Amino acid sequence: MKGIRLRLWLNLVLLGIVLMLLWLALTEPGKKPPLEPQRITALDPAAITRITILRPDQEPLRLAKEDDRWWLKAPFTVQANGNKVKALLEFLKTRSQPPLEAKAHDLKRFGLSEPRARLELNEAVFGFGDSNSLSGERYVLYQDRIYLTIDTTYPHLIAEAPVYASPRLIEAGKPLI
């Protein structure tokens, strides 16, 4: 009788330990929740009136907003492709995990000592470096901070100037002659 009682108590203690370990595994007390991704900048896409794209060994691309329409100003002047401009401005909605301080890291390691491309939105300058080989995300330098963002903007930055020209043969609202 005494042996059965001892085994019963031993089993109850072991069951209690298993339940406590299960609770610890599920709730993970003391573990901090992961930080929510935050936008790189608070710039409003509607407030942007000038866009400049600088790439090594290529002519700069300059776009300007005039009377609510975008124009490609350099290397030639023509009405801009609104979809391409919209894709560039979508970058302002990009989210990133907490940034790294640029001063504390070797920029060459991220391809940011000489960025592959620079995107200037009004006065804000973003440098685009290498992509992370594991995640495919791109390193972006902005205001002495290194961000890791999804790589949707860089392909637009390396496009040739004619891609930014409007595909319309005739400007909207202009009569045929």
Side-chain angles (χ1 to χ4, degrees), residues 26-28 30-66 68-76 78-168:
L26 293 176
T27 60
E28 298 182 41
K31 182 178 179 185
K32 294 179 183 175
L35 296 173
E36 287 293 316
Q38 297 177 350
R39 287 180 53 189
I40 293 176
T41 178
L43 288 173
D44 180 15
I48 303 301
T49 58
R50 291 183 327 274
I51 300 173
T52 303
I53 301 171
L54 303 166
R55 300 155 300 180
D57 303 325
Q58 291 186 21
E59 290 183 83
L61 269 153
R62 298 190 197 294
L63 297 129
K65 188 175 185 179
E66 297 173 0
D68 291 330
R69 293 199 330 215
W70 282 95
W71 293 87
L72 179 62
K73 295 293 191 172
F76 49 84
V78 67
Q79 189 172 352
N81 183 336
N83 292 329
K84 275 302 228 187
V85 173
K86 185 178 177 183
L88 287 174
L89 294 176
E90 282 293 312
F91 172 72
L92 293 175
K93 297 177 184 175
T94 300
R95 296 187 174 273
S96 170
Q97 293 299 325
L100 304 172
E101 291 297 324
K103 293 176 184 172
H105 293 82
D106 180 18
L107 294 180
K108 196 175 239 183
R109 177 178 159 212
F110 302 104
L112 292 168
S113 60
E114 294 178 24
R116 296 175 179 269
R118 288 186 198 272
L119 175 63
E120 296 176 5
L121 302 172
N122 290 349
E123 283 77 36
V125 180
F126 302 88
F128 288 76
D130 293 338
S131 61
N132 182 297
S133 58
L134 295 176
S135 67
E137 296 172 306
R138 180 129 344 238
Y139 294 106
V140 176
L141 180 65
Y142 175 63
Q143 292 184 340
D144 293 327
R145 292 194 171 147
I146 301 169
Y147 296 88
L148 190 59
T149 67
I150 57 172
D151 196 12
T152 55
T153 305
Y154 184 73
H156 297 288
L157 298 177
I158 59 173
E160 296 293 326
V163 173
Y164 285 91
S166 174
R168 293 175 172 251

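The shown structure was predicted, so the numbers you read here are calculated from the model rather than taken from an experiment.
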Is there a side-chain contact between [X] and [Y] (heavy atoms, below 4.5 Å)?
| X | Y | value |
| --- | --- | --- |
| Pro60 | Ile53 | no |
| Leu88 | Ile48 | no |
| His156 | Lys84 | yes |
| Leu89 | Ile51 | yes |
| Trp71 | Val78 | no |

For the atom pair [atom1] ([X]) and [atom2] ([Y]), what is the distance rounded to the nearest 0.5 Å?
| X | Y | atom1 | atom2 | value |
| --- | --- | --- | --- | --- |
| Leu121 | Thr49 | CG | OG1 | 10.0 Å |
| Ser131 | Ile150 | OG | CD1 | 13.5 Å |
| Leu157 | Phe128 | CG | CZ | 5.0 Å |
| Arg62 | Phe76 | CZ | CZ | 14.0 Å |
| Lys103 | Asp144 | NZ | CG | 5.0 Å |
| Leu92 | Arg39 | CG | CZ | 7.0 Å |

#### Entry: Ala47 backbone acceptor or donor facing Asn122 side chain under 3.5 Å
yes

Suppose we screen for side-chain hydrogen bond (donor to acceptor under 3.5 Å, both in side chains). Which residues come up paired with [X], at least two apart in sequence or across chains?
| X | result |
| --- | --- |
| Tyr164 | none |
| Ser135 | Glu137 |
| Arg116 | Asp130 |
| Arg55 | Gln58 |

Run the side chain to side chain contact (heavy atoms under 4.5 Å, CB included) test against [X] and tell me which residues pass, sequence neighbours left out.
| X | value |
| --- | --- |
| Asn83 | Asn81 |
| Asp106 | Lys108, Arg109 |
| Glu120 | Thr52, Leu54, Val125 |
| Leu100 | His105, Phe110, Ile146 |

### Message
Under the rule for ring pair (Phe, Tyr, Trp, His ring centres under 6.0 Å), what residues qualify as partners of Tyr147, not counting sequence neighbours?
### Response
none

### With Tyr142 via ring pair (Phe, Tyr, Trp, His ring centres under 6.0 Å) - residues at least two apart
Phe126

For a quick test of reading the model, state the closest non-hydrogen atom pair linking [X] to [Y] and the distance between them.
| X | Y | value |
| --- | --- | --- |
| Thr149 | Ser96 | CG2-CB, 4.2 Å |
| Ala124 | Leu43 | CB-CD1, 3.5 Å |
| Leu107 | Ala102 | CD2-CB, 4.0 Å |
| Ala80 | Val85 | CB-CG2, 4.1 Å |
| Ala117 | Tyr154 | CB-CE1, 4.1 Å |

#### Entry: Listed once per pair and sorted, the ring pair (Phe, Tyr, Trp, His ring centres under 6.0 Å) pairs that draw on residues 37-64, sequence neighbours left out
none

### Message
I'd like to know whether CD of Glu66 has more than 12 heavy-atom contacts from other residues, nucleotides or ligands below 6.0 angstrom.
### Response
yes

## Note on the structure
Applied to residues 145-166, the salt bridge (charged side-chain N to carboxylate O under 4.0 Å, His left out) test, sequence neighbours excluded, yields Glu101-Arg145, Arg138-Asp151

